[in-house]
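Structure, as structure tokens:
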There are 2 protein chains.
Amino acid sequence: MINSRLAVSVHILALIATHPDQALSSDYIAGSVNTNPVVIRRLIGSLRQAGLLSTVAGKTGATLTKDPHDVTLLMIYRAVEPKETLFSIHDQPNPACPVGRDIQSTLNQSFTRAQQALEAELGNETLSDILHRLVRAR
Amino acid sequence: MINSRLAVSVHILALIATHPDQALSSDYIAGSVNTNPVVIRRLIGSLRQAGLLSTVAGKTGATLTKDPHDVTLLMIYRAVEPKETLFSIHDQPNPACPVGRDIQSTLNQSFTRAQQALEAELGNETLSDILHRLVRAR
DNA sequence: AGATTCTGTAACTAAAATAATTACATGTAC
DNA sequence: GTACATGTAATTATTTTAGTTACAGAATCT
């Protein structure tokens, strides 16, 4: 199972987007997400590094640097997910065995395709889509 | 990052498929995978439960119960992956917050789509494809 | 039959990943 | 200058994953 960093990050960005007039503190956001403020600040740090929002140290709040239409879930995912490959492959299979020798590269092809399909789908969904569905959900 | 159980399971099935005449022990398979025999026996247990192979307790070896053409990576993945959902979503977001209240169901829609794309791709790849690529890799 | 070897599992340990927390340096605003 | 915020390192806790030990029960071999 993939970690919840993407889920929490979307939550953070949705909060900021729906409160354009208010400066939301990491404490406030943590209250909505139900976690520790430091967890929020760390994710915001990654999102800032990815150019999705900007903050000023010491100053409350963060502002989106892109239009929600132009922010895909894939961009958010990549911002907070350090690992490039989705599936792990066991290492050091026996090179003396014909299967062991080539299993890694073979699996890698399949896994790469699957990952690309996942990422294509994440790339098709924007923060704007999320915001619209949040409103409609009421 | 997703665990390596799918990778190891494909390795196991590929070994069995390429040695139809030999009865491979969990010890032998563990030697090719480079892990502990119990890890192999556990995965074989899951694969058996899913109807992908059969074994006889005490008797060396396992035999595939399906043609490799009819075994998809998705079937293998589902056999050894207990979790149904790919992405985790943080729990107990603040219900008093409009975003917190509906974020889970909203994210769930997006995540389900992404997961389906991944699974569709895994469903398109068969054990037979893997076997062919293993041979070609030499 | 008895010894040996294997599978099937439970139970436990180790390692790694994830999340939560503490602590504090530094910046902002009144 | 005080109060409060962010940024980040360091630590701890929790969960997941993988590896290991142990052993009961089945099969094979002589």
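Everything numeric in this text was worked out from a predicted model, so none of it was measured.
Evaluation of the salt bridge (charged side-chain N to carboxylate O under 4.0 Å, His left out) rule for B:Arg113 yields A:Glu125 as partners, not counting sequence neighbours. Residues meeting the ring-ring contact (aromatic ring centres under 6.0 Å, His included) test with A:Tyr28, sequence neighbours left out: none.
Between B:Glu119 and B:Arg78 there is a salt bridge, with a side-chain nitrogen of the basic residue lying less than 4.0 Å from a carboxylate oxygen of the acidic one.
Rounded to a whole Å, the NE2 atom of B:His90 is 11 Å from the P atom of C:dA19. The nearest whole Å value for the distance from the CG atom in B:Leu6 to the C1' atom in D:dA18 is 16 Å. Computed from coordinates, the B:Ile29 CD1 to C:dC6 C1' distance equals 12 Å when rounded to whole Å. Whole-Å rounding puts the B:Asn36 CG to C:dT13 P distance at 16 Å. Here the P atom of nucleotide C:dT18 and the CG atom of B:Asp91 are 17 Å apart, to the nearest Å.
Side-chain polar atoms of B:Thr55 and B:Arg48 form a donor-acceptor pair below 3.5 angstrom. When only modelled atom types and interatomic distance are considered, A:Arg133 and B:Thr106 share no side-chain donor-acceptor pair under 3.5 Å.
A:Val33 has its side chain out of reach of A:Val39: every pair of non-hydrogen atoms, C-beta onward, lies at least 4.5 Å apart.
Heavy-atom contacts from other residues, nucleotides or ligands closer than 6.0 Å to NE2 of B:His19 number more than 12.
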Donor-acceptor contacts under 3.5 Å from residues 4-17 of chain A side chains, at least two apart:
residue: A:Arg5; atom: NE; partner: A:Val80; partner atom: O; Å: 3.1
residue: A:Ser9; atom: OG; partner: A:Arg5; partner atom: O; Å: 2.7
residue: A:His11; atom: ND1; partner: B:His90; partner atom: NE2; Å: 2.9
residue: A:His11; atom: NE2; partner: A:Ser32; partner atom: OG; Å: 2.8

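Across B:Phe87 and B:Ala114, no two heavy atoms sit closer than the pair CE1-CB, 4.2 Å. Taking both residues in full, the closest heavy atoms of B:Arg41 and B:Ser26 are given as NH1-OG, 3.1 Å, listed atom of the first, atom of the second, then distance.
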Restricting to nitrogen or oxygen on both sides, can you table the protein-nucleotides 14-17 of chain D pairs closer than 3.5 Å?
residue: D:dT17; atom: OP1; partner: B:Asn3; partner atom: ND2; Å: 3.4

Listing time: all N or O pairs from protein to nucleotides 4-9 of chain D that are below 3.5 Å?
residue: D:dT6; atom: OP1; partner: A:Ser26; partner atom: N; Å: 3.0
residue: D:dT6; atom: OP2; partner: A:Ser26; partner atom: N; Å: 3.4
residue: D:dT6; atom: OP2; partner: A:Ser26; partner atom: OG; Å: 2.8
residue: D:dT6; atom: O4'; partner: A:Gly58; partner atom: N; Å: 3.1
residue: D:dG7; atom: OP1; partner: A:Arg48; partner atom: NH1; Å: 2.6
residue: D:dG7; atom: OP1; partner: A:Thr55; partner atom: OG1; Å: 2.4
residue: D:dG7; atom: OP2; partner: A:Arg48; partner atom: NH1; Å: 3.4
residue: D:dG7; atom: N7; partner: A:Arg41; partner atom: NE; Å: 2.9
residue: D:dG7; atom: O6; partner: A:Arg41; partner atom: NH2; Å: 3.0
residue: D:dT8; atom: OP2; partner: A:Arg48; partner atom: NH2; Å: 3.4
residue: D:dT8; atom: O4; partner: A:Arg41; partner atom: NH2; Å: 3.4

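A single hydrophobic cluster is seen to contain both B:Leu107 and B:Leu86, as judged by linkage of ILVMFWY side chains at heavy-atom distances under 4.5 Å, directly or through other members.
Listed by residue number, the members of residues 7-18 of chain A with any heavy atom below 4.0 angstrom from DNA chain C form an empty set.
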